[in-house]
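Structure, as C-alpha coordinates:
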Amino acid sequence: MDINIIDLTVHGDSSGKLVAIEEFKDVPFDVKRVYYIYDTESGVIRGKHAHKKLKQVLLCVHGKCTIRLDNGEERKEIQLDDPKRGIMIEGMIWREMLDFSNDAVLVVLASEPYDESDYIRDYDTFLTSIRGK
Ligand code: TYD
(Lines give C-alpha, C1' and ligand atoms only; values in the text may rest on other atoms or scores of the structure.)
Protein backbone atom coordinates (compact mmCIF):
# COMPACT_ATOMS: atom_id res chain seq x y z
CA MET A 1 0.00 0.00 0.00
CA ASP A 2 1.46 3.34 -1.01
CA ILE A 3 1.03 6.20 1.43
CA ASN A 4 0.33 9.39 -0.42
CA ILE A 5 2.51 12.08 1.21
CA ILE A 6 1.60 15.74 0.72
CA ASP A 7 4.61 18.01 1.19
CA LEU A 8 3.48 21.59 1.63
CA THR A 9 5.50 24.68 0.83
CA VAL A 10 6.77 26.63 3.82
CA HIS A 11 6.99 30.38 3.46
CA GLY A 12 9.52 31.02 6.18
CA ASP A 13 11.74 33.89 7.08
CA SER A 14 13.11 35.48 10.25
CA SER A 15 9.55 36.32 11.37
CA GLY A 16 8.51 32.67 11.45
CA LYS A 17 6.88 30.13 9.16
CA LEU A 18 3.64 30.06 7.22
CA VAL A 19 2.01 27.23 5.29
CA ALA A 20 -0.89 27.97 2.92
CA ILE A 21 -3.22 25.32 1.52
CA GLU A 22 -5.31 25.93 -1.59
CA GLU A 23 -7.75 23.44 -3.05
CA PHE A 24 -6.64 21.75 -6.30
CA LYS A 25 -3.19 23.26 -5.86
CA ASP A 26 -1.79 22.01 -2.57
CA VAL A 27 -4.48 19.36 -2.03
CA PRO A 28 -6.03 17.55 -5.01
CA PHE A 29 -9.70 18.18 -4.18
CA ASP A 30 -12.26 20.79 -3.31
CA VAL A 31 -12.00 21.38 0.47
CA LYS A 32 -15.59 21.34 1.77
CA ARG A 33 -14.79 20.83 5.45
CA VAL A 34 -11.96 21.34 7.91
CA TYR A 35 -11.87 19.89 11.40
CA TYR A 36 -9.23 19.36 14.03
CA ILE A 37 -8.67 16.98 16.87
CA TYR A 38 -6.85 17.97 20.06
CA ASP A 39 -6.76 17.16 23.77
CA THR A 40 -6.77 13.45 22.98
CA GLU A 41 -5.75 11.36 25.99
CA SER A 42 -2.77 9.09 25.51
CA GLY A 43 -3.86 5.50 24.95
CA VAL A 44 -6.94 6.58 23.00
CA ILE A 45 -7.48 5.21 19.50
CA ARG A 46 -9.70 7.40 17.33
CA GLY A 47 -11.13 6.83 13.90
CA LYS A 48 -11.79 3.09 13.51
CA HIS A 49 -13.77 3.57 10.35
CA ALA A 50 -13.52 3.74 6.57
CA HIS A 51 -15.21 6.11 4.14
CA LYS A 52 -16.96 5.14 0.94
CA LYS A 53 -16.25 8.34 -1.02
CA LEU A 54 -14.49 10.88 1.17
CA LYS A 55 -10.98 12.14 0.42
CA GLN A 56 -8.99 13.59 3.29
CA VAL A 57 -5.63 15.15 4.01
CA LEU A 58 -4.37 14.72 7.58
CA LEU A 59 -1.75 17.06 9.03
CA CYS A 60 -0.43 17.14 12.56
CA VAL A 61 0.24 20.88 12.87
CA HIS A 62 1.51 20.58 16.46
CA GLY A 63 2.83 17.61 18.44
CA LYS A 64 2.61 14.16 16.94
CA CYS A 65 0.36 11.20 16.37
CA THR A 66 0.34 7.94 14.42
CA ILE A 67 -2.03 7.08 11.59
CA ARG A 68 -2.70 3.39 10.97
CA LEU A 69 -3.98 2.55 7.50
CA ASP A 70 -5.46 -0.79 6.50
CA ASN A 71 -6.66 -1.70 2.99
CA GLY A 72 -7.91 -5.12 4.05
CA GLU A 73 -4.73 -6.85 2.92
CA GLU A 74 -1.98 -4.76 4.40
CA ARG A 75 -1.54 -2.40 7.36
CA LYS A 76 0.83 0.55 7.52
CA GLU A 77 1.56 3.10 10.18
CA ILE A 78 2.92 6.54 9.64
CA GLN A 79 3.87 9.08 12.28
CA LEU A 80 2.76 12.63 11.61
CA ASP A 81 5.02 15.09 13.44
CA ASP A 82 5.75 17.79 10.91
CA PRO A 83 3.34 20.69 10.20
CA LYS A 84 4.40 20.83 6.56
CA ARG A 85 3.89 17.12 5.80
CA GLY A 86 0.48 15.51 5.47
CA ILE A 87 -0.98 12.31 4.15
CA MET A 88 -3.83 11.91 1.73
CA ILE A 89 -6.35 9.14 2.29
CA GLU A 90 -8.80 8.14 -0.42
CA GLY A 91 -10.62 4.99 -1.39
CA MET A 92 -11.64 2.24 0.97
CA ILE A 93 -9.06 2.44 3.76
CA TRP A 94 -9.75 1.58 7.38
CA ARG A 95 -8.02 4.26 9.46
CA GLU A 96 -7.11 4.62 13.10
CA MET A 97 -5.38 7.53 14.83
CA LEU A 98 -3.35 6.76 17.93
CA ASP A 99 -0.31 7.64 20.04
CA PHE A 100 -1.31 11.29 20.30
CA SER A 101 1.14 13.48 22.20
CA ASN A 102 -0.55 15.72 24.79
CA ASP A 103 0.01 18.75 22.60
CA ALA A 104 -1.08 17.13 19.31
CA VAL A 105 -3.38 19.04 16.99
CA LEU A 106 -4.47 16.93 14.03
CA VAL A 107 -6.03 18.97 11.22
CA VAL A 108 -8.17 17.20 8.64
CA LEU A 109 -9.16 18.67 5.28
CA ALA A 110 -12.09 16.83 3.77
CA SER A 111 -13.60 16.72 0.29
CA GLU A 112 -17.22 16.52 1.50
CA PRO A 113 -19.38 17.86 4.31
CA TYR A 114 -20.02 15.56 7.26
CA ASP A 115 -22.21 12.66 6.16
CA GLU A 116 -22.74 9.72 8.49
CA SER A 117 -23.93 7.57 5.55
CA ASP A 118 -20.42 7.74 4.04
CA TYR A 119 -18.95 5.97 7.10
CA ILE A 120 -18.30 2.27 7.53
CA ARG A 121 -17.82 1.82 11.26
CA ASP A 122 -17.78 -1.96 11.43
CA TYR A 123 -14.53 -3.72 10.45
CA ASP A 124 -16.21 -6.88 9.15
CA THR A 125 -18.55 -4.80 6.98
CA PHE A 126 -15.47 -2.98 5.65
CA LEU A 127 -13.77 -6.29 4.75
CA THR A 128 -16.93 -7.62 3.11
CA SER A 129 -17.39 -4.51 1.04
CA ILE A 130 -13.82 -4.40 -0.28
CA ARG A 131 -13.78 -8.13 -1.01
CA GLY A 132 -17.05 -7.83 -2.89
CA LYS A 133 -15.39 -5.43 -5.34
P1 TYD B 1 -15.90 10.70 15.06
O2 TYD B 1 -16.11 10.47 13.60
O3 TYD B 1 -16.30 9.60 15.99
O4 TYD B 1 -14.36 11.08 15.34
P5 TYD B 1 -13.05 10.16 15.17
O6 TYD B 1 -13.22 9.38 13.90
O7 TYD B 1 -11.92 11.11 15.11
O8 TYD B 1 -12.93 9.28 16.37
O9 TYD B 1 -16.63 12.06 15.45
C10 TYD B 1 -16.78 12.48 16.79
C11 TYD B 1 -18.06 13.32 16.89
O12 TYD B 1 -17.98 14.50 16.12
C13 TYD B 1 -19.28 12.56 16.39
O14 TYD B 1 -20.35 12.86 17.28
C15 TYD B 1 -19.56 13.16 15.05
C16 TYD B 1 -19.04 14.56 15.17
N17 TYD B 1 -18.50 15.12 13.91
C18 TYD B 1 -19.17 16.16 13.29
O19 TYD B 1 -20.22 16.64 13.75
N20 TYD B 1 -18.64 16.67 12.13
C21 TYD B 1 -17.51 16.20 11.58
O22 TYD B 1 -17.06 16.70 10.53
C23 TYD B 1 -16.83 15.09 12.23
C24 TYD B 1 -15.56 14.51 11.66
C25 TYD B 1 -17.37 14.59 13.39
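Computed from a predicted model, the values in this text were never measured in an experiment. Indexing begins at 1, ligand by ligand and atom by atom, following the structure's order.
Close approach of ligand 1 to I37 (heavy-atom distance below 4.0 Å) involves ligand atoms 7 (O). Those atoms of ligand 1 that come under 4.0 Å of a heavy atom in R121, given as number and element, are 2 (O), 3 (O). Residue H49 has at least one heavy-atom neighbour below 4.0 Å for each of these atoms of ligand 1: 6 (O).
Where the criterion is an N or O separation shorter than 3.5 Å, residue side chain and backbone included, R46 meets it with respect to ligand 1. Looking at Y35 next to ligand 1, no N or O pair under 3.5 Å apart turns up. The distance criterion of under 3.5 Å between nitrogen or oxygen atoms is met by G47 with respect to ligand 1.
Contacts of E96 with ligand 1, taken as heavy-atom pairs under 4.0 Å, are absent altogether. With a 4.0 Å heavy-atom cut-off, ligand 1 is reached by no atom of K48. Looking at V108 against ligand 1, nothing comes within 4.0 Å, counting heavy atoms.
Here the heavy atom of the protein found nearest to atom 22 (O) of ligand 1 is R33 NH1, 2.4 Å. Ranking the protein heavy atoms by distance from atom 17 (N) of ligand 1 puts Y114 CE1, 3.9 Å first.
Residue K76 places its NZ atom among more than 12 non-hydrogen atoms of other residues, nucleotides or ligands, all under 6.0 Å distant. By the 6.0 Å contact criterion, CD on E74 is enclosed, its count of non-hydrogen atoms from other residues, nucleotides or ligands being greater than 12. The number of heavy atoms from other shown groups lying within 6.0 Å of OH (Y35) is above 12. Atom CZ of R85 has 12 or fewer neighbouring heavy atoms from other residues, nucleotides or ligands inside a 6.0 Å radius.
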Exercise for the section: Starting from the C-alpha separation in whole Å, work towards a yes-or-no answer on side-chain contact (heavy atoms from CB on, under 4.5 Å) for K55 and N4. Expected result: CA-CA 12 Å; K55 296 177 187 171; N4 201 342; over 6 Å; no
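Within a 4.0 Å radius of atom 9 (O) of ligand 1, the protein has no heavy atom. For atom 14 (O) of ligand 1, no protein heavy-atom neighbour is found at a distance under 4.0 Å. Atom 24 (C) of ligand 1 is flagged as protein-proximal [any protein heavy atom, distance under 4.0 Å].
Note on ring orientation: taking the six-membered ring where Trp is involved, the planes of Y123 and W94 are perpendicular (angle over 60°, cut-offs 30° and 60°).
Using a cut-off of 4.0 Å between Lys/Arg side-chain N and Asp/Glu carboxylate O, E96 and R75 are scored as not salt-bridged. Remark: E77 engages R68 in a salt bridge, criterion side-chain N to carboxylate O under 4.0 Å.
The nearest pair of heavy atoms linking I6 to D26 is CG2-O, 3.5 Å. Considering all non-hydrogen atoms of both residues, F100 and V44 come closest at CD1-O, 4.4 Å.
Not a single heavy atom of E112 sits less than 4.0 Å from an atom of ligand 1.
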